[in-house]
Protein chains: 2
Amino acid sequence: MDMAIKMKNKRPTLQDVADLVGVTKMTVSRYLRTPDSVSAPLQEKISAALETLGYIPNRAPDILSKSKSHAIGVLLPSLTNQVFSEVIRGIESVLEPAGYQTMLAHYGYSKEAEESRIATLLSYSVDGLIISESYHTDRVRKMLAVAGIPVIEIMDSVSPPIEQAIGIDNQAAAYAMTECMIKRGRQKIVYFAARMDQRTLLKIRGYETAMTDHGLTPLCLKTHNASSFTMGANFLKEALAQQPDTDGIFCTNDDLAIGALYACQKSGIRIPEDVAIAGFHGHDISRAMVPLLATVITPREDMGRLAAEHLLSRLQGTPITQAVIELPFKIDIGESI
Amino acid sequence: MDMAIKMKNKRPTLQDVADLVGVTKMTVSRYLRTPDSVSAPLQEKISAALETLGYIPNRAPDILSKSKSHAIGVLLPSLTNQVFSEVIRGIESVLEPAGYQTMLAHYGYSKEAEESRIATLLSYSVDGLIISESYHTDRVRKMLAVAGIPVIEIMDSVSPPIEQAIGIDNQAAAYAMTECMIKRGRQKIVYFAARMDQRTLLKIRGYETAMTDHGLTPLCLKTHNASSFTMGANFLKEALAQQPDTDGIFCTNDDLAIGALYACQKSGIRIPEDVAIAGFHGHDISRAMVPLLATVITPREDMGRLAAEHLLSRLQGTPITQAVIELPFKIDIGESI
DNA sequence: CCATGATTTGTTACGAGTAACATTACCATA
DNA sequence: TATGGTAATGTTACTCGTAACAAATCATGG
C-alpha cells in the first residue's frame, strides 16, 4: 500500500486506478458518480483501488470542459480591517456548506490592483464574484461582462450596480449619527476619516450635510492611511489643537473611535461629559467596553451571508428580482455620547 | 466592439482571438508570452483583437497539463477568531505580490471537515498548503503524501511536523505568563479555556504545570464553544462562585480576558488590585485599552508571512533546513496584573 | 537567382475527466 | 439454440493552452 504510493511520484489519476483494477477509466469515473452503475464485484475492487492509491479527484478537466469551477471569487479592498474579516466569515458560512470553494483576494484600495485581481480570479474560471466598492473602471466592467458570471457588489447600497448590490446606505447612516449627536447637544463635532475610499467619502458627505442642515460648521480630519487606535489618538490631539472647544467626535470606524476614547481617558477628558465620541460598525468590542461606545451598527456578517446566498441562487438560475438590496443600520448611543 | 462581446455568450478563447486576426491560436499564445516572437504587424493586430474581445487567460489547461495552479491552499480551523484573520493577512501579504492566489478554507475544529477541506483544496491542484493544528488523521497524512506538494503547519511549534512547522511554544508561553502572575503575588489563579483545541490543551498544560510547580492548585473553567467577551464575563461570575478568593485570571485569549475585565469594571472589582487579569495573543486592542491588558504577545502576522515565504522558497526547490521554526513570544505585563 | 540559415507561422499531441455513442455480455424467452 | 432486450463496459471526441516538431517565408551572400 505504501509502496504503491511511493512508486509514482505524481498524484494518481483515474487511469492509474483503472489500470490497477483492470478496467477503463470510464468505468471508474462512472463508479465515482453513480456507484450502482457498475457491477457489484467491480464496485468493491474499484473502491479498494481508490483507497490504495489515495485517489483525489481533479477539478481541472471539469473546469476546462464545462467552465465550472465550483469556486467563488471574493475581492475586498483590504484584509487589515476587521469589517472585511466579518464579511468573509459571512460569505464562507454559506459557500462552504454549499460545496463552493472561496478564492480570496484583496487589492489595497488600488484601482489598478483591482483590475489585475479580477483578471486573476476570472482566469481560474470562478463561477461567481463578490466584490466591494462602488466605482469600477471600464476595463473591470468589460471583463465582468465578457466573463458572463454573476457578480454581486457589497458594502454600499449605491445605484446603479453592475448587476446587483447588497449593502447599507453609508451616507444616511453617517447623517443619522451626526444628527443624533447634535440633538444631544453637541455643536462642535469633528469627523475623523481614514483611507478615503468611496464609503468614507459617502460618510463624510452624510456628516457634512447633517452639520450644515443644522447650521453647524463641519470639520473633517483626513488621512489616506489605514485606521488604527494610534491614529485615533493622534486625530484627537489634532482636533483639540485645531478646535479647542470640540465637544464631539464622529469616526469613520470603531478603531479610530476607540483609539480616541482611550486617549481621552489617559488625558483626563471625560466621556461623554467633555467630549462625545461615536464610531461606525459596532464591532464586538464596542458592544462590550466601558463606557459602551456609541456606534452605527452595521450588518457585516449578514451582508456577506446574503451576498453569498444571492450568488448561489443566481447560479441556480434564479433571476435578479431586486438590483439593490439595502440592509438596515442601527444607531446605538451607548454611553459615549 | 460591444457587439463582438454580446454575440458570443461564452468567454473568448485564444481560438476566437486567432480567428479574428486570421492566424492560429499558437501564434496568439506566443504573442502573449513573448510578444517579440511575433512579427511587428501581427503584434498590433493581435493586441487589438485581444482588447476587442476582452480576452482573459484561462488557467485550467495549464493546471491540467502541468499540474501547477499558482494557487496556495490555506486551511484554518476558524475564521471567527481574530488570530486567524491576522494570520491570513500575513500569508496574503507574501502570496499576492508573488503572483499566487490564496484558496481559503476552514473546518470548524472538526477532524472530518479537515479531511474533506484538504481533499477539496487538493482537487484544485494547489501548489502548496498552509494548515494549522498539530494533530492530523492518517487519512489527511496520506492525502498530503500522495499529493506531493509542500505543506507547512502553523500556530504550534510541536514536533514532529508532517514536513515543516512554524509557530510558537504555546505551553511554554502559558507557563511563563502563569509564573509571572505568581511571582507578582497571585495565588488563586483561574484559567479560562474555550474551544479546547490542541493549542488550548497545550496552554492549559503550561498553566497547570506552573501552578503545581509553585505548590498552587490549578482551577480551569472550560467550554467547547468559541470565546467571546460575553463568555469572559460569564466565566468571571463562575470563577468567583467556585472560588470567591480568586485573585488572578489567565485567559486562553484576549477576548475572554477583555470580557472578564469589563465585567470586573462593571461590578466594581478593581484591576489589578483585587484581581489580576491576563490574556493571550496581544491584539491591538489589548495594547491600547485602559488599563493595558497583560498578555502574551504572539507574532500572528509574522507566522503567516513566514509560512508563506518558506512555502514559496520550497516551491522554488529550496530544501527544508529547519523542520520546526519556533517564533518568540513576549510577556507584556501591561497594567492588569 | 538560388542555396543557406534564420525567422516566423503552422501542425500535432497531450493533460484528466466525461458526454455521447458503440459494443459486448448476459439472461430470459420462444 | 437463436433472438431480443437490457445491463455493463469500452471507444471516441472534446475542452484550452502549449511543448515539440514541421513547414513556410524571408533575407543575405555567393
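Owing to the predicted nature of the structure, the values given are computational and were not obtained by experimental measurement. Only this structure's heavy atoms are used, side chains among them; waters, hydrogens and symmetry mates stay out.
Within 4.0 Å of B:Leu42, counting heavy atoms only, lie sugar-phosphate atoms of the nucleic acid but no base atom. Residue B:Arg30 is classed as a base contact, given a heavy-atom separation below 4.0 Å to a base. Using a 4.0 Å heavy-atom criterion, one finds that A:Tyr55 contacts the sugar-phosphate atoms exclusively. Residue B:Ile63 is classed as having no contact, given no heavy-atom separation below 4.0 Å to the nucleic acid.
Closest to the B:Ser39 side chain, of the nucleotides C:dG17, C:dT11, C:dT9, is C:dT9.
A pairwise comparison of heavy atoms in A:Gln43 and A:Val38 identifies NE2-O, 2.8 Å as the closest pair. Here the closest heavy-atom approach between residue B:Leu76 and residue B:Ile88 is recorded as CD1-CG1, 3.6 Å.
A donor-acceptor contact shorter than 3.5 Å is absent between the side chain of B:Tyr100 and the backbone of B:Ser69.
Nearest-nucleotide assignment on DNA chain C puts the 5′-proximal partner with B:Val38, out of B:Ser67 and B:Val38. Along DNA chain C, the nucleotide nearest B:Lys25 and the nucleotide nearest A:Pro61 are compared for position; the residue whose nucleotide lies closer to the 5' end is B:Lys25.
For residues 305-322 of chain A, the set of pairs meeting the salt bridge (Lys or Arg N to Asp or Glu O under 4.0 Å) definition, not counting sequence neighbours, comprises A:Glu163-A:Arg314, A:Asp302-A:Arg305.
OP1 or OP2 of C:dT8 has not a single side-chain nitrogen or oxygen of B:Thr27 nearer than 4.0 Å. Side-chain nitrogen and oxygen atoms of A:Arg33 include at least one within less than 4.0 Å of the OP1 or OP2 phosphate oxygen of C:dA19. Taking only side-chain nitrogens and oxygens, B:Thr24 comes nearer than 4.0 Å to OP1 or OP2 of C:dG10.
A:Arg11 has its CZ atom 15 Å from the P atom of C:dG15, to the nearest Å. Remark: P of C:dT18 and CD of A:Gln15 are 13 Å apart, rounded to the nearest angstrom. Atom CG in A:Asp62 sits roughly 19 Å away from atom P in C:dG15 (whole-Å rounding). Between the P atom of C:dT8 and the CD atom of B:Gln43 lies a distance of 9 Å, rounded to the nearest Å. If you take NZ of A:Lys68 and C1' of C:dG17, they are 17 Å apart, rounded to a whole angstrom. Note: CG (A:Asn58) to C1' (C:dG15) measures 9 Å, nearest angstrom. If you measure from atom CG of A:Leu64 to atom C1' of C:dC14, you get 12 Å, rounded to the nearest angstrom. Distance B:Lys66 NZ to C:dA16 P: 13 Å, rounded to the nearest Å.
Atom CD of B:Gln15 has more than 12 heavy atoms from other residues, nucleotides or ligands within 6.0 Å.
A salt bridge is absent between B:Arg195 and B:Asp197: the closest approach of a Lys/Arg side-chain nitrogen to an acidic carboxylate oxygen does not fall below 4.0 angstrom. Look at B:Glu114 and B:Lys111 and you find a salt bridge, because one of the NZ, NE, NH1 or NH2 atoms lies within 4.0 Å of a carboxylate O, short of that distance.
Once you apply a 4.0 Å limit to the heavy atoms of chain A, the touched nucleotides of DNA chain D run 5' to 3' over D:dA8 to D:dC16.
Counting only N and O atoms by type, the side chains of A:His106 and B:Glu92 include a donor and acceptor under 3.5 Å apart.
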